[in-house]
Student: 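Here it is: the structure, laid out below.
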Number of protein chains: 2
Amino acid sequence: MNAASNAAPDAPGNGRAPTIRDVARVAGVSASAVSKVLRDAYGVSDDMRAKVTFAAQMLGYRPKTAARALRGRSYSIGVLTPGLGPFPTQIAEEINRHFAGSSYRTIIAIYGGDEHDETEGLESMLDRNVDGVILITPHIAVERLERFAASLPMVLVSRNGRGAHFDSVTDDGFAGAEAMVGHLAGLGHRRIAYISQSDQGLEPPYVLSSASREEGYAHAMADRGLAPWVVRASYSEDGGYGAACALLDADEPPTAIFAGADVAAFGVMRAAYERHVAVPAELSVAGYDNVFASGLHGVDLTTVDQASVGMGDIAARLLAERLDGRTEPKYEVVAPKLVVRGTSVPPRVE
Amino acid sequence: MNAASNAAPDAPGNGRAPTIRDVARVAGVSASAVSKVLRDAYGVSDDMRAKVTFAAQMLGYRPKTAARALRGRSYSIGVLTPGLGPFPTQIAEEINRHFAGSSYRTIIAIYGGDEHDETEGLESMLDRNVDGVILITPHIAVERLERFAASLPMVLVSRNGRGAHFDSVTDDGFAGAEAMVGHLAGLGHRRIAYISQSDQGLEPPYVLSSASREEGYAHAMADRGLAPWVVRASYSEDGGYGAACALLDADEPPTAIFAGADVAAFGVMRAAYERHVAVPAELSVAGYDNVFASGLHGVDLTTVDQASVGMGDIAARLLAERLDGRTEPKYEVVAPKLVVRGTSVPPRVE
DNA sequence: GTGAAAGCGCTAACAC
DNA sequence: GTGTTAGCGCTTTCAC
């Protein structure tokens, strides 16, 4: 038989799950002693530890999180994400991996898109007594975040601006977009359009990293004496498709389209294909995020990589530090890097 | 100002969060009365309901899940997934959407790959008192699943075999693979290789849907008098790449490669590209799952669609029924459908 | 170093 | 219909 060896026996024995009192009875000690051993609290003899550990093992005892949470910690950390797209998914997996070996468990909840929904998500994590929370691309106003963070360890991912009570980790969207414009302009493009997400209504400097990309684009264009050309769309395949259609129908269409997210760039490519505009010969396309699909042969999208630098690892480390008692805020900015692939080439001479 | 309107006021007032007793005091009633109103329990007057609702609203009261869980339900349902790949992600999002309007909250935990790790994940959900659990492609032995399911509403996704205490929803992997072989053979292919995942060690009929794909392939090949040609690899881009390399190095390489997962098919395409084997002219490629990237222009992979039929919705509905008291097991099998795209064409005449 | 007692916030009997 | 009481399983003073 190939049954996996596992410490706790399968059978709960009688009916209900064993409690700390059952362990205490078997070990011949008090319940509070068991509690102390289980939490590595100070002041237990080696003998006591051995007896309790043995009894717990024998009974297949597992502490109830709900009961612990009522007095102490829940040993759960919450990850809030607006969805399970490629970027948040990578972050979440890194966080999960980081805490996997610890006594904390990671629970992921999907909430977002707007402040109201995300606030509900955050409160629902609080209801569940999480010991800390990591928010991916949060749209919540900074004052409200500060209020929550005052009593709950919190780390933000992909949002700019230094917090008083929370930590942040974000990529330098401004620099990433600048680098892409530099690349495209260096190839000789002058009509470089940018597809941006609709305004999030967040007050500077606490904008999402994706918003600072637009600033980087505008700045880089102005630097080179080029006219910025921004069109707004949601960051989805359809959003990119619609924006590209509008762009390509212009009298003088752009020679390069830079989408603020890879997934929107995919829509751009579909629009170009349908209109018989050859990519990259007639139109260069670039994205941002370097999602898995972008690297696929056949897609081969020029983009900016922010995820692979391990923002999830950093976020997890920051939260772990807070769980250990740190209270001064930290703000970490990681450098994105340009990934030049096949969809960007010099424009055709006109 | 554009602050979102939200029911509960922001400020907790004084220090700690309001409890049911605070609400009771403000409303001028007893704590148990408040509890009843909050849970829509039987036997409360309209007047009482109004007073309590008002007081709760005013105080921004939110029930503590930990405390509720200690006595009754936790209003949390757990989703266990081996990772956040395209398929489980879609399932999880559907489940999340399904419960979003209810009083239940969905929490996702990543565990898996082997029985030991997944069992730990399942127990950790139990520790957290979830009211029900949905397991995506679980590798846990059926006896153990039954034992857990005896006291916890449980739904399995993508695993074959009817349970006594749990529900299942799975696609008909056998039929899906058969259909693909039919398509490929219909085009004229005779040397059709199949890339399968390593054996999971699960006892029939309780195998993962992906395992029944291999049976479907073998059956369909035999039906047509063709020799099955199976190579094992992990379902990843690298796994598919390695398997394809071995296949393409054969004296008489296959004219079509059918990978049991799209992501492996991507690796096949990379291997073909590196060896200057033209797809589809010299090699047809097919996958299974119809993930987002497969539909991208530039990838255009022929595949089998199982996810879009809403297995997540079905799983959520099944769990909701159990939460409402159903105990007879249900087993739902959804029909996969062939998606013919650009990577499959007739073989070159030899 | 160890145990007894109180209580976290809520729900579930049971009286009234 | 409403309030009182007890207690879920654990942690935490505080005696000893």
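Convention: sequence-line order gives letters A, B, ...; per-chain numbering from 1.
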Student: Give the rounded distance in Å between these two atoms: CG of B:D46 and P of D:dG1.
Tutor: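 So the two atoms are 10 Å apart, to the nearest Å.
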Student: Is it true that the side chains of A:S35 and A:R39 contain a donor and an acceptor less than 3.5 Å apart?
Tutor: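 Distance-only check passes for A:S35 and A:R39.
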Student: Is there side-chain contact between B:T106 and A:Y111, with at least one heavy-atom pair below 4.5 Å?
Tutor: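 Sidechains of A:Y111 and B:T106: no contact.
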Student: Does some side-chain heavy atom of A:V79 sit less than 4.5 Å from a side-chain heavy atom of A:I107?
Tutor: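 The answer is no; the side chains never approach within 4.5 Å.
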Student: Counting side-chain heavy atoms from CB outward, which of D:dG9, D:dC10, D:dT2 is closest to A:L70?
Tutor: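 My answer, after comparing the listed nucleotides, is D:dG9.
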Student: Just compare C:dG9, C:dT2, D:dG3 and give me whichever is closest to any side-chain atom of B:A33.
Tutor: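 Per side-chain heavy atoms of B:A33, the pick is D:dG3.
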Student: Check whether any side-chain N or O of B:Y61 sits under 4.0 Å from OP1 or OP2 of C:dC10, and answer yes or no.
Tutor: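 Yes, B:Y61 has a side-chain N/O under 4.0 Å of OP1/OP2 on C:dC10.
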Student: Would you write out the dot-bracket form of DNA chain C, 5' to 3', with Watson-Crick and G-U pairs under 3.5 Å, [ ] for crossing pairs, | for pairs to other strands and . for unpaired bases?
Tutor: ||||||||||||||||
Student: A side-chain contact here means heavy atoms from C-beta on lying under 4.5 Å apart; do B:V29 and B:M48 qualify?
Tutor: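 Yes, their side chains come closer than 4.5 Å.
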Student: What is the nucleic acid contact for A:S32, judged by heavy atoms within less than 4.0 Å: base, sugar-phosphate only, or nothing?
Tutor: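 Here A:S32 touches the bases of the nucleic acid.
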Student: If you check the A:M48 side chain, which of D:dT2, C:dT11, C:dT2 turns out closest?
Tutor: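 Comparing D:dT2, C:dT11, C:dT2 against the side chain of A:M48, the answer is C:dT2.
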Student: Which comes earlier along DNA chain D counting from the 5' end, the contact point of B:S45 or that of A:I20, where each point is its nearest nucleotide?
Tutor: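 Nearer the 5' end of the strand: B:S45.
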Student: Within this structure, what is the CG-to-P distance between A:L59 and D:dG9, rounded to whole angstrom?
Tutor: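 After rounding, the reported distance stands at 14 Å.
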Student: Show the numbers, then the answer: is there a side chain to side chain contact (heavy atoms under 4.5 Å, CB included) between A:E328 and A:H165?
Tutor: CA-CA 7 Å; A:E328 332 80 79; A:H165 299 109; over 6 Å; no
Student: Would a distance-only check, ignoring hydrogens and angles, find a side-chain to backbone donor-acceptor pair under 3.5 Å from B:R68 to B:R73?
Tutor: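 Checked: no pair found.
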Student: Using whole Å, report how far CZ of B:R71 lies from C1' of C:dT11.
Tutor: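 Atom CZ in B:R71 sits about 5 Å away from atom C1' in C:dT11.
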Student: Under a 4.0 Å threshold between the charged nitrogen and the carboxylate oxygen, would B:D167 count as salt-bridged to B:R322?
Tutor: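 Yes, B:R322 and B:D167 are salt-bridged.
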Student: Rounding to an integer number of Å, can you tell me how far B:N129 CG sits from C:dT11 P?
Tutor: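 Distance check: B:N129 CG to C:dT11 P gives 13 Å.
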Student: Please give, in whole Å, the distance from D:dC8 P to B:D127 CG?
Tutor: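 To the nearest whole Å, that distance equals 19 Å.
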Student: Between A:R68 and D:dT11, does any side-chain N or O lie under 4.0 Å from OP1 or OP2?
Tutor: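 Checking D:dT11 against A:R68, a side-chain N or O does come within under 4.0 Å of OP1 or OP2.
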Student: Taking the side chain of A:A67 as its heavy atoms from C-beta onward, which of C:dG1, D:dG9, D:dA6 lies nearest to it?
Tutor: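 The closest nucleotide is D:dG9.
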Student: Answer yes or no: is there a side-chain heavy-atom contact under 4.5 Å between B:I77 and B:V133?
Tutor: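 No, too far: nothing below the 4.5 Å cut-off.
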Student: Under 4.0 Å: is that the gap between some side-chain N or O of A:T19 and OP1 or OP2 of D:dC8?
Tutor: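 No, outside the criterion.
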Student: Given atom CG of B:D22 and atom C1' of C:dC10, what is their separation to the nearest angstrom?
Tutor: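 Computing the B:D22:CG to C:dC10:C1' distance gives 13 Å.
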Student: Do the side-chain N or O atoms of A:Y42 get closer than 4.0 angstrom to the phosphate oxygens (OP1, OP2) of C:dT2?
Tutor: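 No, A:Y42 has no side-chain N/O under 4.0 Å of OP1/OP2 on C:dT2.
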Student: Rounded to whole Å, please give me the gap between CG in A:D47 and P in C:dT2.
Tutor: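 Distance check: A:D47 CG to C:dT2 P gives 7 Å.
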Student: Nearest-Å distance, CG (A:D40) to P (D:dT11)?
Tutor: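 Result: 12 Å.
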Student: Base, sugar-phosphate or nothing for A:R39? Non-hydrogen atoms, less than 4.0 Å.
Tutor: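 Counting heavy atoms under 4.0 Å across all strands, the contact made by A:R39 includes a base.
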